[in-house]
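Both counts, for ligands and for their atoms, begin at 1 and track the order of listing. Residues: numbered from 1 along the sequence shown.
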Amino acid sequence: MDDKQKIIETIGGALQRPDISDKPYYVTTPIYYVNDKPHIGHAYTTIVGDVVSRYWRMRGKEVAYVTGTDENSQKSVEAAQKVDRGDDVKGYLDEMSAVWARTWDDLDITNTDFIRTTEDRHLKGVEKFWKAVEAEGDIYKGSYVGWYCVGCEAFLKESDLEDGKCPTHKKEVKKIEEENYFFKLTKYRDALLAYITAHPEFISPNSRKHEIINYIRDHMEDISISRHKAEVGIPVPGDHEHKIYVWFDALLNYLTAVGYGTDDEMFQKNWPADLHLVGKDIIKFHCALWPAMLMAAGVPLPRRVYAHGFFTIDGTKMSKSLGNAIDPIALSSEVGIDALRYFLLREISFGEDGDFSSQRLRDRYQTDLGNELGNLCHRVLSMTEKNADGKVPAIPAEHDEIPWEEYISAMEDLKFGRALDEAWKVIRAANKFIEDEKPWAVAKENPEKAQQILAHLLETLRQVAWMLLPIMPHVSEGIFTQLGLDAAVELQKDFEDATAWGGLVQGTKIAKSDPLFPRLS
Ligand code: ME8
């Protein structure tokens, strides 16, 4: 057996994933840098994580949803210095991290944990992990001479630079010449390629997979994983002159948040992650370095990394210097959290780059949400009040197929736009049904038939509320309530039972209230 073969054989054990059918669904976002407050790009990834979490909860699964903050970074130190907090970096980190946690609370994100890389539980896990990789013989001391970009928190090659600057941040890079610890990333080249081939779902979308395969095959080198005398960071076990490189530390949040190094039972219960959501900017770290680190430590790999695209604002790159970064809280207070969620998932095809435009958000608010969904609810409920004494008539057994299968497959494939299309097919068909059947006219001649039409529409609304639940949870709850249901009780129901046709009980008193999508000022 040659060397390469041997590596693949020895780490074969680490690659085998335990049966995960009964384990909680574990989804993560990147942990964000705290050198600034969250903008709409960060909110995008976090909202998607929330949609996925709510979807799996709706399907009856326990969910672990972790987000958090990446704090052991030179960026944090520089940001603290900028606001004259250089002598109180810890205080600055506490404040900024709280800003991030609060933002997610204000946006009703249902994360089950919020990890900070300055927490003790993280430190313990990182130390354990470092020692495991070291014991495997995959950490060695070498000298690093090269460039470092604080913006990327990454080492760059001479050939990466443009006019001596980082091509992404257009900023000067720092020349670094020091003795560092290195991770034998190249040892895992073949194993990574083999893993990616054997697990087609590991990297999505496909376009990104090719990019990663090229990188692993042709460009990947061993990586420096410590900084000598860095101001912040977790000390290298046994050599406190060095701090662990921020990415090596940050990636480990996915393990430490579910108990690696501190709570074995919790770790066994939750790991491996089902889905790491990331932006395309950090895919190399997640699809090459991260799985190689796990292989080295003998920890099973996550099931899937999904790298979504980046979006611009009205066609321009979002940046602090241009002052066009959008505050998700301000925006959601203008249009409502659910409209913002709807827009992000409908307008930007998940996985691809896109553009964010406030005007298009307002347009979609008025058309898709106000005219189509909002009006449907309003009309059906008003007609029920008028023509059925405000009570649900008997639900007819005959009905058009609700496209649950298509919806489920779209949601599980993270094709949120397609899932919403399915919901909108139902909404549009219901609006057309009203136009065609004219229940208000039928009511005069054949009240019984009018009631049948209304019952059909009311039950359709209930089905729509279920379809929208992961993406527009507040709107769904609003629909349940107006249909005379107790939203909290509905949410406890078994998904299959709840979405079977005919769940609305005859005689239920509806509770029509304010429009779901009031006109924007
Ligand atoms: O990279 N469009 O943190 P970060 C879409 N700490 N998504 C965007 C975006 C945009 N214009 N801008 C940012 C880091 N994002 C590391 C991660 S993980 C172990 C460590 C989102 O604060 C997107 O998810 O720079 C991107 O990957 C992330 O914010 C980067 O956040």
Considering the heavy atoms of Asp70, write down every atom of ligand 1 situated less than 4.0 Å from one of them.
6 (N), 16 (C), 20 (C)
Any nitrogen or oxygen of Trp100, side chain or backbone, less than 3.5 Å from one on ligand 1?
no
Restricting to heavy atoms, the pick from Phe310, Tyr254, Phe311, Tyr44 nearest atom 18 (S) of ligand 1 would be Tyr254
Ligand-residue contact atoms, ligand 1 with Thr45, heavy atoms, under 4.0 Å:
21 (C), 23 (C), 24 (O)
Among all protein heavy atoms, pick out the one at the shortest distance from atom 14 (C) of ligand 1; state its residue, atom name and that distance to 0.1 Å.
Tyr33 CE1, 3.4 Å
Taking the ring of Trp424 and the ring of Tyr342, is the distance between their centroids below 6.0 Å?
yes
Cation-pi, Tyr260 ring and Lys128 (6.0 angstrom, 45 degrees):
yes
Among Glu71, His39, His42, Met318, closest by any non-hydrogen atom to atom 12 (N) of ligand 1
His39
Subset of ligand 1 atoms that lie under 4.0 Å from at least one heavy atom of Gly309
5 (C)
For ligand 1, which part of His308 has a heavy atom less than 4.0 Å away: the side chain, the backbone, both, or neither?
side chain
List ligand 1 atoms under 4.0 Å from Ile282, heavy atoms only on the residue side.
1 (O), 27 (O)
Would you mind telling me if ligand 1 is within reach of the side chain of Leu277, the backbone, both or neither, using heavy atoms under 4.0 Å?
neither
Please determine if Lys174 forms a cation-pi arrangement with Tyr148, meaning its NZ or CZ atom is less than 6.0 Å from the six-membered ring centre and no more than 45° off the ring axis.
no
Do Leu414 and Arg304 have side-chain heavy atoms sitting under 4.5 Å apart?
yes
Are a donor atom and an acceptor atom from the side chains of Asp113 and Tyr65 found within less than 3.5 Å of each other?
no
Could Lys157 and Trp147 be counted as a cation-pi pair, given that NZ or CZ must be under 6.0 Å from the ring centre and within 45° of the axis?
no
Could you see which bit of Lys280 sits under 4.0 Å from ligand 1, with heavy atoms only: side chain, backbone, both or neither?
neither
Which ligand 1 atoms, with their elements, are less than 4.0 angstrom from a heavy-atom of Asp281?
26 (C), 27 (O), 30 (C)
In the structure I gave you, are the side-chain heavy atoms of Leu252 and Met293 within less than 4.5 Å of one another anywhere?
yes
The answer for which part of Phe285 has a heavy atom under 4.0 Å from ligand 1 is neither
Does the side chain of Arg57 come under 3.5 Å of the side chain of Thr110 through a donor N or O and an acceptor N or O?
yes
Closest to atom 17 (C) of ligand 1 (heavy atoms only, candidates Ile31, Val34, Asp249) is Ile31
